[in-house]
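The structure appears below as structure tokens.
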Amino acid sequence: MLQPSKYDELAQRIQIAIQGANRRQCRQVHLRPEDGDDLDAWDSIVSEIDENENVDITRTPEGWLVSWVSIEA
């Protein structure tokens with residue numbers, strides 16, 4: 001079986017954090033790299049998240065504060 005890439009593992013971890021924030025209705029999450037994380041993968045994923053016009057990302061000393069508005073269907 002193929003092992004997921006470090007990028008894929010990180011993307012899944014971030015997705016879980018964002019989904020948890022949505023369930024709590026706070027629509028904000030502070031993302032922090034863990035020891036051993038690939039910082040290039042972090043930069044790439046944060047850039048991809050930032051492409052969404054409904055998202056605001058603020059760099060902090062520990063990571064990134066990501067906030068978003070809900071899009072009601």
Side-chain angles (χ1 to χ4, degrees):
M1 180 186 272
L2 222 100
Q3 290 289 334
S5 70
K6 295 290 183 184
Y7 178 92
D8 291 334
E9 290 175 354
L10 178 59
Q12 183 177 27
R13 201 170 82 216
I14 290 170
Q15 183 177 16
I16 289 168
I18 290 171
Q19 287 172 344
N22 267 337
R23 282 192 295 275
R24 292 189 309 272
Q25 299 292 317
C26 60
R27 293 183 181 82
Q28 179 173 315
V29 65
H30 197 171
L31 302 174
R32 296 173 184 91
E34 295 177 0
D35 290 340
D37 280 353
D38 180 346
L39 296 182
D40 288 335
W42 266 103
D43 288 338
S44 180
I45 290 173
V46 169
S47 291
E48 290 173 23
I49 293 170
D50 197 31
E51 291 174 3
N52 188 316
E53 65 186 44
N54 299 313
V55 175
D56 182 48
I57 298 179
T58 303
R59 186 75 164 109
T60 70
E62 300 85 24
W64 300 267
L65 180 62
V66 181
S67 306
W68 60 93
V69 294
S70 177
I71 301 173
E72 300 299 326

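From a predicted model like this one, the values you see are computed outputs, not experimental measurements. Just so you know, these numbers use all the heavy atoms, side chains as well, and skip hydrogens, waters and symmetry mates.
The shortest non-hydrogen separation linking P33 to G63 is CD-CA, 4.1 Å. The heavy-atom pair separating V69 from R27 by the smallest distance is C-CD, 4.3 Å.
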query = Where do Q15 and R13 land on the side-chain hydrogen bond (donor to acceptor under 3.5 Å, both in side chains) test, with the steps shown first?
reply = CA-CA 5 Å; Q15 183 177 16; R13 201 170 82 216; over 6 Å; no

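The CZ atom of R32 sits 9.5 Å away from atom CH2 of W42, with the distance rounded to the nearest 0.5 Å. Remark: Q12 CD to I16 CD1 distance equals 4.5 Å, nearest 0.5 Å. With values rounded to the nearest 0.5 angstrom, N54 atom CG is found 12.0 Å from W68 atom CH2. With values rounded to the nearest 0.5 angstrom, D43 atom CG is found 11.5 Å from D50 atom CG.
The shortest distance between side-chain heavy atoms of Q28 and L65 falls below 4.5 Å. When side chains are defined from C-beta on, Y7 does not count as touching D40, because their heavy atoms never get closer than 4.5 Å. Proximity of I49 to I14: side-chain heavy atoms (C-beta onward) are separated by under 4.5 Å at one or more points. With contacts defined as side-chain heavy-atom distances shorter than 4.5 Å, the pair L10/D37 qualifies.
By the 6.0 Å contact criterion, CD on E53 is open, its count of non-hydrogen atoms from other residues, nucleotides or ligands being 12 or less.
Residue V66 is grouped with residue L39 when hydrophobic side chains (ILVMFWY) are merged at heavy-atom distances under 4.5 angstrom, including chains of intermediate members.
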